[in-house]
Peer 1: 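Take a look at this one; I'll ask things after.
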Amino acid sequence: MKFGGSSVADAGRIKAAAKRIVDRRAAGDEVVAVLSARGDTTDELLEMAEEISSAPDPREMDMLLSTGERISCALCAMAIRDLGYEAISLTGSQAGIVTDTSHTRARIVNVRAERIREALDEGQIVLVAGFQGVSIERDVTTLGRGGSDTTAVAVAAALDAEVCEIYTDVAGVFSADPRIVPDARKLGTVSFEEMLEMASSGAKVLQLRSVEYARTHGVRIHCRSSFDEGDGTIVVGEEDSMENPLITAVTHSVDEARITLIGVPDSPGVAGAVFGALADAGVNVDMIIQNEPESEGSKADMSFTVASEDLRDARSVLEGILEGQGIERIAWDEKMGKVSVVGAGMRSNPGVAATVFRTLGEQGINIEMISTSPIKISCVVSADRVADAVRTLHAAFALGEDQSDSEQPHGAAR
Ligand code: ASP
Ligand code: MG
């Protein structure tokens, strides 16, 4: 059972989470709970570091950030004990979460779950601090924003758990963000492939890595509300996916920045050098567009998007290699957004891209970049048109509560 930050935000909610955990134990299940930091704690810790240093040391940053989750676990263990059950809280390190050495975005390399197993065998409820581990060089690491989801999935995999329940402040995974689209529908099931595309294109319910990890290790994820008992969304293998409509969801993000390299020499190896340098700095690049130079010997332009939070790193990396690569200059746009339609049924049905582009065109929304996968179409648009784009696409594909699947413009795929 994993509880997100809003589900442990104050004393009342920690007690409610403790009650929910205890009820599960009382029903005869063994329970490991992974907790996030309370409310805005992680943001506050980041701000504290910024107040001290403009470039905080990454190792110390992880020492700092990992405290938020420890607080939640210790408090919840107290609450569980007051309810008359045995409980023990563990840091990521104590829980055996072993990671690589990349501070603030470490990857789990191994889970040595013996200590959790022993505690369960003694009848304890085990609370594991999310979002953290210990590196192969014995330093505390954190797993990147939203990383408690990955802790939960990794622990579930290591223990061969029946299910990994992700408790959050929404009822499950929706066909679009309900704050933007009031009639967005809660999805009963969603396939790993779709969930991966959704998480990578802005859906915030699950951290992308947690979905990758769950798919690799075959962990069943149930994403549900911590505020009510209702079923949420189950992430399943595509073969078990019951609903397989053309389009499953419209996702979006307003945290995109576009970088354009102007005057890029048209010679082999330049793109490799540019993206190699970005990769070495840990910057994830999303869409890439390169235009052909007009004539032999003239120069090309290259545009790509990165997460807004990576813009500063990306610029400094690129500024360091411009001259050496003979690139004329760099430009950037901080306020870009992205809207994506995702659906496994797209794979075998033509016309989805045409519908997306026509729908956006009719709203006067300009598409600046496009990228596709077999089950996703993404368009970069200006950040201030993202909400309009989401609403109009959700309606165009009839994804809402009162629009049944059969009304989808191309019919259901299977
Ligand atoms: N507390 C961390 C964050 O805000 C990890 C998490 O909540 O999953 O990113
Ligand atoms: Mg989260």
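Positions are given from 1, in the same order as the sequence printed here. In each ligand, atom 1 is the first atom listed, and ligand 1 is the first ligand listed.
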Peer 1: Run the salt-bridge test on D286 and K338 with the 4.0 Å N-O cut-off and return the result as yes or no.
Peer 2: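 Counted as a salt bridge, because a side-chain N and a carboxylate O are separated by less than 4.0 Å.
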Peer 1: Can you find a non-hydrogen atom of G68 under 4.0 Å from ligand 1?
Peer 2: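 Contact absent.
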Peer 1: List for me each residue that meets salt bridge (charged side-chain N to carboxylate O under 4.0 Å, His left out) alongside R59, sequence neighbours excluded, and say none if there are none.
Peer 2: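 Counting only residues at least two positions away or on another chain, R59 forms a salt bridge (charged side-chain N to carboxylate O under 4.0 Å, His left out) with D139.
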Peer 1: How are the rings of F3 and Y167 set relative to one another: parallel (under 30°), tilted (30 to 60°) or perpendicular (over 60°)?
Peer 2: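 Ring orientation of F3 relative to Y167: parallel.
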Peer 1: Just list the side-chain donor-acceptor pairs under 3.5 Å for residues 39-52, sequence neighbours left out, or say none.
Peer 2:
| unit_1 | atom_1 | unit_2 | atom_2 | d |
| --- | --- | --- | --- | --- |
| T41 | OG1 | R38 | O | 2.4 |
| D43 | OD1 | R145 | NH1 | 3.1 |
| D43 | OD1 | R145 | NH2 | 3.3 |

Peer 1: Is any NZ, NE, NH1 or NH2 atom of the basic residue among R224 and E229 found under 4.0 Å from an Asp or Glu carboxylate oxygen of the other?
Peer 2: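 Salt bridge absent between R224 and E229.
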Peer 1: Would you kindly specify which portion of E69 sits under 4.0 Å from ligand 1, judged on non-hydrogen atoms: side chain, backbone, both or neither?
Peer 2: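 Looking at E69 and ligand 1, just side chain atoms fall under 4.0 Å.
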Peer 1: Below the 3.5 angstrom mark, is there an N/O of R145, backbone or side chain, next to an N/O of ligand 1?
Peer 2: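 Checking ligand 1 against R145, an N or O pair does fall under 3.5 Å apart.
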Peer 1: Would you mind checking which non-hydrogen protein atom is closest to atom 7 (O) of ligand 1, with the distance to 0.1 Å?
Peer 2: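 Of every protein heavy atom, S36 OG, 3.0 Å lies nearest to atom 7 (O) of ligand 1.
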Peer 1: Tell me: protein heavy atom nearest atom 6 (C) of ligand 1, and distance?
Peer 2: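 Its nearest protein heavy-atom neighbour is S148 OG, 3.4 Å.
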Peer 1: Any N or O of G146 that comes nearer than 3.5 Å to an N or O of ligand 1?
Peer 2: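 Yes, there is a polar N/O contact under 3.5 Å.
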